[in-house]
A.B. asks: 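Submitted below is the structure of interest, expressed as structure tokens.
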Amino acid sequence: MKKLINDPEAFVEETLEGILAAHPGHLKRVPGTPRGLMRADGPVPGKVAIATGGGSGHIPVFLGYVGPGLCDGVSIGNVFSSPSVEAMVEVTKAIHGGAGVLYLYGNYSGDIMNFDMAAEICEMEGTRVATVRARDDVISAPVADKLRRRAVAGLFFAYKIAGARAEEMASLEEVVATAEKAVENTRSMGVALSPCTIPAVGKPTFTLGEDEMELGMGIHGEQGLERSKLMTADEVATIMTERVLADLPFGSGDEVSVLINGLGATPPEELYILYRRVHQILQERNIAVVKAFVGEYATSMEMAGASVSLLKLDDELKRCLLAPARSPFLLQG
Amino acid sequence: MKKLINDPEAFVEETLEGILAAHPGHLKRVPGTPRGLMRADGPVPGKVAIATGGGSGHIPVFLGYVGPGLCDGVSIGNVFSSPSVEAMVEVTKAIHGGAGVLYLYGNYSGDIMNFDMAAEICEMEGTRVATVRARDDVISAPVADKLRRRAVAGLFFAYKIAGARAEEMASLEEVVATAEKAVENTRSMGVALSPCTIPAVGKPTFTLGEDEMELGMGIHGEQGLERSKLMTADEVATIMTERVLADLPFGSGDEVSVLINGLGATPPEELYILYRRVHQILQERNIAVVKAFVGEYATSMEMAGASVSLLKLDDELKRCLLAPARSPFLLQG
Amino acid sequence: MAKTELTLADFAPLAAKLLADFQGANDEITALDQALGDGDLGVTCRLGLQAIVDLPDPPAEGLGDALLKAGMAFNQAGASTYGALVATGAMRAAKYAKDNGLVTWDLPAIAAAAEAAAEGIMQRGKAQPGDKTLLDALLPATEALKSAAAQGQTLAEGLRAAAEAAAAGAAATAPWQSKFGRAAWLQERTIGTPDGGATVVAIALRSVAEYVEQNT
Amino acid sequence: MAKTELTLADFAPLAAKLLADFQGANDEITALDQALGDGDLGVTCRLGLQAIVDLPDPPAEGLGDALLKAGMAFNQAGASTYGALVATGAMRAAKYAKDNGLVTWDLPAIAAAAEAAAEGIMQRGKAQPGDKTLLDALLPATEALKSAAAQGQTLAEGLRAAAEAAAAGAAATAPWQSKFGRAAWLQERTIGTPDGGATVVAIALRSVAEYVEQNT
Ligand SMILES: Nc1ncnc2c1ncn2[C@@H]1O[C@H](COP(=O)(O)OP(=O)(O)O)[C@@H](O)[C@H]1O
Ligand SMILES: Nc1ncnc2c1ncn2[C@@H]1O[C@H](COP(=O)(O)OP(=O)(O)O)[C@@H](O)[C@H]1O
Ligand SMILES: [Mg+2]
Ligand SMILES: [Mg+2]
Ligand SMILES: [Mg+2]
Ligand SMILES: [Mg+2]
């Protein structure tokens, strides 16, 4: 795969430099680490601060969701690797507004181990830290084992909801409860049509035949459910949507938000062709779409493919979903 | 190239169905044609209406720029082909708010011939129609022949500026003058790393070797300046920026807006690595960036590559650039 | 018996033959427009001809009127540079037929209508002979039709001569540099490949000539 | 003379040898983590070891303290599941050294420190032997170190036995199903490929054993 990059080992640093240069009104660096960013107007006194973080290579995940109505800060790892404990600790210190910090991130063991170490350090220093992990990918474990599932694009809903709840000046316990509810009510499934290449590795994480696709692919090129022949958009959308619907389950009369996420190389046209079918299925099942998001919300660099995420709404989740939010990648309200 | 589609001949219709289903609050169909969309709250009485249009396969160009502060309506062609005269006429009728209609689109002969025919028909029916065509690609003709240049991603600036000017309730002549100024002050250059495939054709428009790139590529896979060995992001950014700067020319003390546009498959990380270098060059030349846009603003389906566009600002252009705008693809202010 | 003119009865079978022939020529046309343009010309021809074949009712007011409707339908389904030029040419040919009260078209009428079409296309597109456009096939074909008509050749002979002139004209564009349309941006890089639009004219005329020969 | 212990003087050359060996093993490690994970494990090891080699000052308080700093540096530059587990293991080994006033490390000390490290890693990661993780190389290696120490073998012999036990342990994971980390999501599809993290342990121990042999 051809990339427009310089030194592969400088990939993350140069990306951050570019983002900071492009969006000075939105983001600033966290002091004491090259791998931390926070909202330009932070810390916000009295507000629960939300820290996220994870590996690079998924923009707008994670740093694209830092801003009012979203997260307060982010620590940034190497491509597909966890941020360092040091970066996490500095971010926590910088964004803390006195009301505690929520660590909100994807259920990946590298992130978990490092965030847990950071939490221990920060709590020793007197900062209240709580943790909520997104785990929306239905393919990654059976429903009985859902706490072990990995996060994919549905993490976006957790950011949007928790960020809005924190902006309401809710307490740490309240923000945790709302974030947990959002996580519990989100389900996703993805498909990949082509691999991606970690710049420092230089060769693709997996290979797919010219007429193959991988159902249930994760956002790091982890394999999924099964390899199959390339299907039509309608067939793929149907498989993903039915699997997602059955898992929660979603049912007649539910109100939902839908996210059709592009993994990187899949054009917007194709995402809308997928959405068309998802929307049809939801209409057939008498499930109402309150808001649809279609675009690149969690990428895997140049991977081709897409995922379907559904969030089941109640009054609180709906209010938080529709609340304003502002980042270089998401502007709402 | 693998695509997530159904029947290739239904590509455009199904994309439109998906977009309308996803964004009912933003867009609605124009009566009398399957290939016209307009802002959901249009027509706006007393406002100059802006109609655009062009071939499919470039989302968010064109239909992504329909909404308050942008265009009022769009006619949609087959992939990389002009919309029909019939669609253009219906869109013109539907969006006309009594203050005349500006046809604002890219300088492509298919679009020109068809929009010109539509304008003749609409004028016969008593609607005042004016035309402004974007032509920002510096590679497509020498500066002496700049009226023959094609449009690439810089068309975005024309939409943003003209849309804001029309929203100020300026007259048709005033909107035309401002739009022309935006076009005249915009310059772009692109690079492609991989081809794209028209769904109904089924094979790529061109081929590139594993270590090759095409400098000066257009957004339909038209060849550009020259084929060369793959370079680093810094080298590519430098070539494109210097060529663009020299063309207007842009100089010390200028204020500009920058657009780094991804053609489809190039990840956001790489676009920011490009922006980093562009920003450095502008700083070295004492050119101030008032606002930077980095992302997919004009795509060529799954083509890998990017372009750099610069818009030189004066007070009026700056005011229009920063004015609010609202579409499913662009939300500002 | 040798066919001497085209009538409204020829419209539907001729359209069907053109569509079939362009389905066969699709890859060749696509490749040419991919080389010098954006690759949609084959799709445009197929969609445009399909729309003509699908026209709801056999148009009633003669071949001229049918041609007008066909041109509009072509450019509605296959809107593009080419579609607009085809529609313009059809409109002018129809106008010639109307102004001259044509019901059936013999070789002199076809030659005159083709000349009217070419003039319209030149006005709409501003291109000149030698600019490496469809005109470089259409203009020699028109000349061939005129001189065949002047020499009293049969319809089949005239159309065959026109098809050959168009093919030769299209082939001759290869060493030239494109001056119009998308190809113009490629400047010197257009040298060496024949123009797609001119090739389309040659294919269309060959199809019409074959139709007349087969129905003679 | 046979080397009987590791001291602070060994830290820098050993780190350099590990980095060189992991550069050589990069493709093998990457391929394993691509098969069962996300493909970053080779990068993680290279960046982590480079950070150790780049540590500013030779740490002053003995090998235990050096190990602690190395673990932190590894997981700062190569933060990840693996990095966190390496850091945790290093922290526990350092704690063992501190609690026992170790300055230089002979084979029994190394065996005991390795056992402390393995315990820490099990606490942090919650995995058990047989779950197809790095433990399936580390635990047999620890056992080998302990029995070599009990039998009074030389440092070189003990480390060689540990490296071989780790390599055998890593190879033995191939037919198992992964139960932890990213690989667990692949469920049955992990069967047939050995665990990357276990392989890393084997490569590291081979490198240490070679270092001692070469410096004997
Ligand atoms: N101004 C013009 N006058 C006559 N023919 C033209 C002109 N511009 C382009 N053409 C013809 O149109 C052909 C391309 O048609 P088409 O593929 O529809 O163009 P596009 O895709 O650029 O809209 C060219 O091969 C050429 O023969
Ligand atoms: N809970 C765990 N306990 C022990 N080892 C683990 C655990 N989870 C993963 N591992 C080891 O870590 C290796 C993967 O490390 P790494 O590539 O850093 O993971 P990731 O990229 O998923 O963060 C696996 O091969 C396995 O040996
Ligand atoms: Mg990883
Ligand atoms: Mg075209
Ligand atoms: Mg074309
Ligand atoms: Mg890994």
Side-chain angles (χ1 to χ4, degrees), chain A residues 1-7 11-12 14-19 21-23 56-57 59-60 64 191 193-194 196 208 210-211 213 230 232-234 236 258 260 264-277 279-280 289 292-296 299 301-302 304-306 328-329 331-332, chain B residues 2-7 11-12 14-19 21-23 56-57 59-60 64 191 193-194 196 208 210-211 213 230 232-234 236-237 258 260 264-277 279-280 289 292-296 299 301-302 304-306 328-329 331-332:
Chain A
M1 187 62 206
K2 297 180 215 171
K3 293 182 186 276
L4 277 173
I5 59 173
N6 298 305
D7 177 4
F11 180 79
V12 176
E14 292 185 349
T15 302
L16 294 186
E17 282 176 31
I19 286 183
H23 308 297
S56 289
I59 289 177
V191 60
L193 271 63
S194 78
C196 63
L208 276 172
E210 249 319 297
D211 58 344
M213 58 180 212
L230 193 58
T232 66
D234 281 0
V236 172
V258 183
I260 307 293
T266 293
E269 286 81 0
E270 297 178 27
L271 300 180
Y272 279 107
I273 291 175
L274 288 173
Y275 181 73
R276 171 183 168 275
R277 179 70 195 127
H279 192 89
Q280 285 171 355
V289 179
F293 299 86
V294 182
E296 295 184 348
T299 62
M301 297 184 292
E302 72 281 358
F329 296 84
L331 184 51
Q332 186 175 300
Chain B
K2 296 182 218 171
K3 291 182 188 275
L4 276 173
I5 59 173
N6 299 305
D7 177 6
F11 180 79
V12 176
E14 292 185 349
T15 302
L16 294 186
E17 282 175 30
I19 287 182
H23 308 298
S56 291
I59 290 177
V191 61
L193 270 63
S194 78
C196 63
L208 277 172
E210 248 320 296
D211 59 344
M213 59 180 210
L230 193 58
T232 67
D234 281 1
V236 171
V258 183
I260 307 293
T266 292
E269 285 82 0
E270 296 177 28
L271 300 180
Y272 280 106
I273 291 174
L274 288 173
Y275 181 73
R276 171 182 167 275
R277 179 69 194 129
H279 192 90
Q280 286 171 354
V289 179
F293 299 85
V294 181
E296 296 185 347
T299 61
M301 296 185 291
E302 71 283 356
F329 296 85
L331 184 52
Q332 186 174 300

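Just so we're on the same page: letters track the sequence lines, and every chain starts at 1.
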A.B. asks: Tell me, for B:F11 versus chain A, whether the close heavy atoms (under 4.5 Å) come from the side chain, the backbone, both or neither.
C.D. replies: both

A.B. asks: Given a strict heavy-atom distance threshold of 4.5 Å, which part of A:I19 is in contact with chain B: side chain, backbone, both, or neither?
C.D. replies: both

A.B. asks: Who pairs with B:A237 by side-chain contact (heavy atoms from CB on, under 4.5 Å), at least two apart in sequence or on another chain?
C.D. replies: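 B:A237: side-chain contact (heavy atoms from CB on, under 4.5 Å) contacts with B:L274, B:R277, B:V278.
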
A.B. asks: Looking at every heavy atom in both B:E302 and A:P267, which two are closest together, and how far apart are they?
C.D. replies: N-CG, 3.8 Å

A.B. asks: Heavy-atom pairs under 4.5 Å with chain B - which of A:M213, A:E210, A:Q280 has more of them than the others?
C.D. replies: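 It is A:E210.
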
A.B. asks: Quiz question: by atom type and distance under 3.5 Å, do the side chains of B:H23 and A:Y272 form a donor-acceptor pair?
C.D. replies: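 Result is yes, a qualifying pair exists.
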
A.B. asks: The criterion is side chain to side chain donor-acceptor pair (under 3.5 Å); which residues satisfy it with B:Q332, sequence neighbours excluded?
C.D. replies: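 Listed in chain order: nothing, the list is empty.
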
A.B. asks: Considering only heavy atoms, which portion of B:L208 lies under 4.5 Å from any heavy atom of chain A: side chain, backbone, both, or neither?
C.D. replies: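 Looking at B:L208, backbone and side chain both touch chain A.
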
A.B. asks: Which bit of A:V294 comes within less than 4.5 Å of chain B, counting heavy atoms only: side chain, backbone, both or neither?
C.D. replies: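 The answer is the side chain of A:V294.
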
A.B. asks: Could you pull out the closest heavy-atom pair between A:A292 and B:A22, with the gap in Å?
C.D. replies: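 Heavy atoms of A:A292 and B:A22 come nearest at CB-O, 3.8 Å.
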
A.B. asks: Between B:G18 and A:R276, which heavy-atom pair has the shortest distance, and what is it?
C.D. replies: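 Smallest interatomic distance, heavy atoms only, reads CA-CB, 3.8 Å.
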
A.B. asks: A:V258, A:L16, A:L230, A:N6: which one forms the most heavy-atom pairs within less than 4.5 Å of chain B?
C.D. replies: A:N6

A.B. asks: Under 4.5 Å between any side-chain heavy atoms of B:L4 and A:L193, yes or no?
C.D. replies: yes

A.B. asks: So, the side chain of B:E269 versus the backbone of A:M301: is there a donor-acceptor pair under 3.5 Å, distance only?
C.D. replies: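 Such a contact is absent between B:E269 side chain and A:M301 backbone.
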
A.B. asks: Name the option with the most non-hydrogen atom pairs under 4.5 Å to chain B; the candidates are A:G57, A:A233, A:G305, A:C196.
C.D. replies: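 If we count pairs closer than 4.5 Å to chain B, A:A233 comes out on top.
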
